[in-house]
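Here's the structure, in structure tokens; my notes come after.
All chains are named by letter (A, B, ...) in the order of the sequence lines, taking the proteins before the strands, and each is independently numbered beginning at 1. Not measured: the values here are computed from a predicted model. We use all heavy atoms of the structure for the numbers below, so side chains are in, but hydrogens, waters and symmetry mates are not.
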Amino acid sequence: MPNGYAHLNLRWNPFSEPLPEDRLALVVGDVSSMASTLSTGRVCIQLMGDHGRGKTSRLLALKRTLGAPYVRLRDSHHIPAAPVVLLDEGELLWRRPWWRLRRCGAAAVSTHRDLSVMMRALGFSVVTRSVRGLSLDGLVAMVDHRLRWAQREEGPVPGVPLRTLRALLATYGDDVRTIEDVLYDRFAQLEEIGDVEV
Amino acid sequence: MSKCDLQLELERSDYQAGDVVRGVVVVSVNQDVKCNGLAVRLGWRTHGKGNRDGETDREEIVYNGPWSAGHRHRYPFTFTLPPSPLTYHGQNINIGWFVQAQADIPWAFDPKSEAELRVARGDAPITPPQLPAYAQEMGPVANIIGGVISGFVGLMLSGVGLTAAGAGLLAMVAGEMMGIAFIIFGGAFAFFGVRVLLKPIRQLMASQRLSDLSFQATPQRLRPGDDVQIDVSFQLKADTRINMIRVSLIRQERATSGSGTNKTTHTHNATVGQLVLREGGRMRRAERFSRAGALQVPENAAPSFVSSSNRVLWLARLEIDFDGWPDYSKDIFLMMG
């Protein structure tokens, strides 16, 4: 890619790794029902699913919707007292001051392990949401967000047609991270503005 | 409407390292406002498959004070570009330079403007960065320790996996459907364990065919257009058919995304030159192989680059392809300035 991405009217590859603050703006997904649930009282929503399925993205979408504090438990020992708190990598909660969750009103936790026993002991009622499945609409919205984020200036940019997105879903299912990797490689090979094919 | 808008005007967008970047920040004031500092920064950043790294090389405060509505102000600035890093566009890693202007406005979003530059190699020599630990030459003891650790981890993973899978199978025989989960879980562990175990085993097997191996690539500090002198010699411990012996000059990009359990390293190797030292034929036990040659570094070779999550490294890779036996491979990392 000798000219970078300027010849595609892009500042960078749309599927490159974003800065943490940019990632918040790129999150796609309607979390309104989860946001409503978190406002009903002392409830904990645990988001369970494999790597790369969008658990962190959903927590970030909740952060954007509710303005609640987001804590990545791998990096932080601090659980703030807040009406709603968002915890990422909840399977590490036992190594953190989990008792501080008593000061929180509600929580949403991403986890690979079922935390319902711990959460009930802390006085939460627990709702488990399985994070899997990526719809075509969701993928279209994600690609659209990414292209707008990477766009250099007004004007045409490469497109990802529906047939490409359907093919990606058929091959990779709900593995968002792998789909992003494939699209990254396709964009890196583009020599002119046009459609991305797989 | 924002209280003020910023626009950057640069003399040009193409530079060489060491050049002076001249420009102007144009401020259009929409409302009376106090500026607590109009900063202009020169910096670089990476973008690609790895986490973004970056650095502000220089910063200058060009103004501090009040602005009146309806006015336009121009603030010139100059920066001198350092010798490195250079603008780079690869597969997994890109490095770009920029100038950014930002005004610190109390009780408002700080307006900012940014302009990109392209920075090519200049006259000043580039000091290559310190190689990361994995790229440094390890002694034989360290190599053995590394192999033992890999083997141990592989054995543990395989052992756990096979035990779980075995337990799952017994459970299924006893009529417990939960056994399927153990078979799948155990199978995955065993698969990864065997993969981890296989690499040092294959390398060990390959090296068992060789004795008195010497592989040199000199000089190890290089500039574009230089020749890398390659010397390879070894003896065989058994009669062996050789498919190929070659040395490749490779530009390697390693970009790491995420952190913790979500960390992934994306590696891309681009072969920019190849020296075939032997193709086909049979060698006898105790026969000595000794060949030398040179690989030329391209004139547009990018300098080595190391940051937290992104590395552009150069290496010479020796590959001995034995017929019907695991291949042998060894890397010598080079420093490109």
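Heavy atoms closer than 4.5 Å to chain A are found nowhere in B:Asn300, neither backbone nor side chain. Residue contact with chain B, scored on non-hydrogen atoms closer than 4.5 Å, involves the side chain of A:Arg177 exclusively. Looking at B:His268, neither its backbone nor its side chain comes within 4.5 Å of chain A, counting heavy atoms on both sides.
B:Thr264 contributes atom OG1, which lies 8.0 Å from atom CG of A:Asp181 (distance to the nearest 0.5 angstrom).
Salt bridge status for A:Arg152 with B:Glu116: present, with a side-chain N to carboxylate O gap under 4.0 Å.
When side chains are defined from C-beta on, B:Arg52 counts as touching A:Ser16, because their heavy atoms get closer than 4.5 Å. Side-chain contact between A:Tyr5 and B:His89: absent, with no pair of heavy atoms (C-beta onward) separated by less than 4.5 Å. A:Asp185 places a side-chain heavy atom less than 4.5 Å from the side chain of B:Lys49.
For B:Gly258 against A:Glu17, the heavy-atom pair with the smallest separation is N-OE2, 4.1 Å. Contact record, B:Asn94 with A:Tyr184: ND2-OH, 4.1 Å, taken as the closest heavy-atom pair.
For B:Arg72, the CZ atom is loosely surrounded, since the number of other residues' heavy atoms within 6.0 Å does not exceed 12. With a 6.0 Å radius and a threshold of 12 heavy atoms from other residues, nucleotides or ligands, A:Glu197 has its CD atom above the threshold. Within 6.0 Å of CD in B:Glu59 there are more than 12 heavy atoms belonging to other residues, nucleotides or ligands. More than 12 non-hydrogen atoms from other residues, nucleotides or ligands lie less than 6.0 angstrom from CG of B:Asp14.
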